[in-house]
K.L.:
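Have a look at this one.
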Amino acid sequence: MLVLDNRLLINEGRTRACYQHPGDKDLVVKVPVGNKKTDNRSNITELRGYQILMREQVDLFCISHCYGFVTTSLGKGLVCDCIRNDDGLISKTIWDIIVYQDDCDVDQIKKVTHDFCRFLTQRDTRLFDLNLKNIVLKLQKDGVYAPFAVDLKGRFDNKETIPVSSYSKYFARRKMVRRRRQLMERISFFREKREEWQ
Ligand SMILES: Nc1ncnc2c1ncn2[C@@H]1O[C@H](COP(=O)(O)OP(=O)(O)OP(=O)(O)O)[C@@H](O)[C@H]1O
Ligand SMILES: [Mg+2]
């Protein structure tokens, strides 16, 4: 059993906490949080989303790959790649950079995020949950950011009564274009209003 404690905590989302793997610096372990601690639904959804993605896309380098479940001191955990900067530090989400980092190149962040979304759309990679906290920016040696999707539940995040985007490439592309536009707007908006969100 893997023992997870607060020193290994990277960050928390709405349903899961993400820890460094105690035995491998290149991996993270995601466990359920809050009063739904025993509910592993998000992890199951993510692993399912990942498996479908892998069936469709062979060489997807810009995501955190998933490797299955382990038993931990905090319940069942999903093991995934840990995204790290070239200097070894764990990469931060777009949110953490634009809201908490005084000095950051917003234009570069918008450009690489825009290109990342366009790349996914052109390859019909269906990740509809691309928000500021589900993308991390890997800082490379040359100072350029490379975006990675770290939350792959979004395949099923259609918010549609009839999930047309899950079946139709055309609707999926349209949705991805809308998501990209929203992301661009949000990067500018939250950077401007960052003090209110710190
Ligand atoms: N592979 C990873 N490498 C580095 N950090 C990560 C990784 N996966 C997750 N994180 C960090 O942990 C946070 C929570 O992870 P994740 O988005 O998977 O949780 P969640 O509860 O499912 O999210 P949501 O609120 O979108 O439902 C992320 O916002 C990010 O800061
Ligand atoms: Mg998330």
Side-chain angles (χ1 to χ4, degrees), residues 2 4-54 60-70 72 74-101 104 109 112-113 116-117 120 125-140 145-159 175 179 182-183 186-187 190 194 197-198:
L2 293 181
L4 302 177
D5 66 50
N6 268 341
R7 279 168 304 177
L8 296 169
L9 183 65
I10 299 173
N11 218 337
E12 275 190 19
R14 271 167 307 180
T15 59
R16 294 176 293 174
C18 180
Y19 290 84
Q20 292 179 59
H21 189 295
D24 188 334
K25 68 171 188 31
D26 293 323
L27 298 174
V28 299
V29 186
K30 296 185 187 187
V31 292
V33 285
N35 37 14
K36 289 194 172 167
K37 226 171 182 152
T38 51
D39 184 350
N40 211 11
R41 221 171 317 174
S42 290
N43 275 341
I44 293 168
T45 309
E46 174 154 30
L47 184 59
R48 209 173 123 221
Y50 172 73
Q51 287 165 339
I52 295 174
L53 261 187
M54 284 303 101
L60 206 54
F61 59 89
C62 52
I63 60 164
S64 157
H65 291 260
C66 303
Y67 302 102
F69 287 102
V70 282
T72 80
L74 300 175
K76 228 174 174 194
L78 179 65
V79 178
C80 308
D81 284 328
C82 181
I83 310 302
R84 288 180 181 268
N85 299 340
D86 280 347
D87 66 5
L89 291 178
I90 295 174
S91 304
K92 291 182 180 162
T93 60
I94 300 179
W95 173 268
D96 284 335
I97 295 173
I98 62 163
V99 172
Y100 296 107
Q101 222 169 273
C104 79
I109 292 172
V112 297
T113 307
F116 170 69
C117 292
L120 295 176
T125 308
R126 294 171 203 192
L127 286 173
F128 303 125
D129 193 15
L130 289 176
N131 63 50
L132 302 175
K133 296 181 180 175
N134 286 340
I135 302 171
V136 299
L137 298 176
K138 177 188 174 90
L139 184 58
Q140 303 172 117
Y145 284 122
F148 280 74
V150 294
D151 184 338
L152 311 175
K153 301 194 299 295
R155 171 86 185 197
F156 305 104
D157 188 36
N158 285 321
K159 296 188 175 70
K175 188 180 279 287
R179 291 282 188 269
Q182 270 172 7
L183 257 178
R186 284 176 186 168
I187 292 173
F190 287 110
R194 55 196 285 253
W197 296 88
Q198 286 171 351

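Both ligands and their constituent atoms are indexed starting at 1 by order of listing. Positions are given from 1 along the sequence. Remember, it's a predicted structure, so these values are computed and weren't measured experimentally.
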K.L.:
If you define the side chain from C-beta out and look only at heavy atoms, does anything of R16 sit under 4.5 Å from L78?
P.N.:
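They are in contact (side-chain heavy atoms under 4.5 Å apart), so the answer is yes.
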K.L.:
With heavy atoms only and a cut-off of under 4.0 Å, state how N134 meets ligand 1: side chain, backbone, both or neither.
P.N.:
side chain
K.L.:
Tell me, which protein residue and heavy-atom name are nearest atom 4 (C) of ligand 1, and how many Å apart are they?
P.N.:
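For this ligand atom, the closest protein heavy atom is I90 CG2, 3.9 Å.
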K.L.:
Counting only N and O atoms by type, is there a donor-acceptor contact under 3.5 Å from the side chain of D87 to the main-chain atoms of L89?
P.N.:
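Yes: the side chain of D87 pairs with the backbone of L89.
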K.L.:
From the options L152, D81, I83, select the one whose nearest heavy atom is closest to atom 1 (N) of ligand 1.
P.N.:
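Selected option, by shortest heavy-atom distance: D81.
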K.L.:
Hey, are Y19 and D5 close enough side-chain-wise for a donor-acceptor pair under 3.5 Å?
P.N.:
no
K.L.:
Report the nearest protein non-hydrogen atom to atom 5 (N) of ligand 1: residue, atom name, distance rounded to 0.1 Å.
P.N.:
I10 CG2, 4.1 Å
K.L.:
Should R14 be counted as touching ligand 1, given the test is an N or O pair under 3.5 Å?
P.N.:
yes
K.L.:
If we only consider heavy atoms of R84, is any one of them less than 4.0 Å away from an atom in ligand 1?
P.N.:
no
K.L.:
Quick check on contacts: which atoms of ligand 1 are under 4.0 angstrom from a heavy atom of V28?
P.N.:
1 (N)
K.L.:
Report yes if some heavy atom in the side chain of L53 is under 4.5 Å from a heavy atom in the side chain of T125; otherwise report no.
P.N.:
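Touching, per the 4.5 Å side-chain cut-off.
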K.L.:
Considering both backbone and side-chain atoms of N11, is one of its nitrogen or oxygen atoms within less than 3.5 Å of a nitrogen or oxygen in ligand 1?
P.N.:
yes
K.L.:
Counting backbone and side-chain atoms alike, does D151 have an N/O/S atom under 2.8 Å from the Mg ion (ligand 2)?
P.N.:
yes
K.L.:
Quick one, F148 and D81 - any side-chain contact, counting heavy atoms below 4.5 Å?
P.N.:
no
K.L.:
What do you reckon, does K133 have a nitrogen or oxygen under 3.5 Å from a nitrogen or oxygen of ligand 1?
P.N.:
yes
K.L.:
What is the closest protein heavy atom to atom 9 (C) of ligand 1, and at what distance does it sit?
P.N.:
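Protein heavy atom with the smallest distance to atom 9 (C) of ligand 1: C18 SG, 3.4 Å.
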K.L.:
Side chains of I94 and I109: closer than 4.5 Å at any heavy-atom pair?
P.N.:
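A side-chain contact under 4.5 Å exists here.
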K.L.:
Test of understanding: given a 4.0 Å heavy-atom threshold, classify the contact between K30 and ligand 1 as side chain, backbone, both, or neither.
P.N.:
side chain
K.L.:
Show me which atoms of ligand 1 lie under 4.0 Å from any heavy atom of S64.
P.N.:
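Answer, ordered by atom number: 1 (N).
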K.L.:
List the atom of S91, the atom of R84, and the distance in Å for their closest heavy-atom pair.
P.N.:
OG-C, 3.3 Å
K.L.:
Would a distance-only check, ignoring hydrogens and angles, find a side-chain to backbone donor-acceptor pair under 3.5 Å from D151 to N134?
P.N.:
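Judged by distance alone, no pair lies under 3.5 Å.
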K.L.:
Are side-chain heavy atoms of C62 and F116 found at a separation under 4.5 Å?
P.N.:
yes
K.L.:
Does T93 approach ligand 1 within less than 4.0 angstrom via side chain, backbone, both or neither, non-hydrogen atoms only?
P.N.:
side chain
K.L.:
With a cut-off of 6.0 Å (strictly less than), are more than 12 heavy atoms of other residues, nucleotides or ligands near NZ of K92?
P.N.:
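Atom NZ in K92 is not packed in, count stays at 12 or less.
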K.L.:
At under 4.0 Å between heavy atoms, is it the side chain or the backbone of S42 that contacts ligand 1, or both, or neither?
P.N.:
neither
K.L.:
What's the shortest distance from atom 27 (O) of ligand 1 to any protein heavy atom, and which residue and atom give it?
P.N.:
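Going atom by atom, the protein heavy atom closest to atom 27 (O) of ligand 1 ends up being K153 NZ, 2.9 Å.
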K.L.:
So which bit of C80 gets within less than 4.0 Å of ligand 1, heavy atoms only: side chain, backbone, both or neither?
P.N.:
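Looking at C80 and ligand 1, no heavy atom falls under 4.0 Å.
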K.L.:
Which heavy atom of N43 sits nearest a heavy atom of P32, and at what distance?
P.N.:
ND2-CD, 4.3 Å
K.L.:
Report, in ascending order of atom number, the atoms of ligand 1 lying under 4.0 Å from any heavy atom of T15.
P.N.:
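Those qualifying, in numeric order: 20 (P), 21 (O), 22 (O), 27 (O).
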K.L.:
Output the list of atoms in ligand 1 that are nearer than 4.0 Å to some heavy atom of D151, sorted by atom number.
P.N.:
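Under 4.0 Å from D151, ligand 1 has these atoms: 16 (P), 17 (O), 18 (O), 20 (P), 22 (O), 23 (O), 24 (P), 26 (O).
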K.L.:
Can you find a pair of side-chain heavy atoms, one from Q101 and one from D96, that are under 4.5 Å apart?
P.N.:
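No, their side chains stay 4.5 Å or more apart.
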K.L.:
Got L8 and P22 here, is their nearest side-chain heavy-atom distance under 4.5 Å?
P.N.:
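Yes; the side chains approach each other to less than 4.5 Å.
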K.L.:
How close does the nearest protein non-hydrogen atom get to atom 14 (C) of ligand 1, and which residue and atom is it?
P.N.:
G13 N, 3.5 Å
K.L.:
Is there at least one pair of N or O atoms, one from S91 and one from ligand 1, spaced under 3.5 Å apart?
P.N.:
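Between S91 and ligand 1, no N or O pair is found under 3.5 Å apart.
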K.L.:
Regarding N134, does it place an N, O or S atom less than 2.8 Å from the Mg ion (ligand 2)?
P.N.:
yes
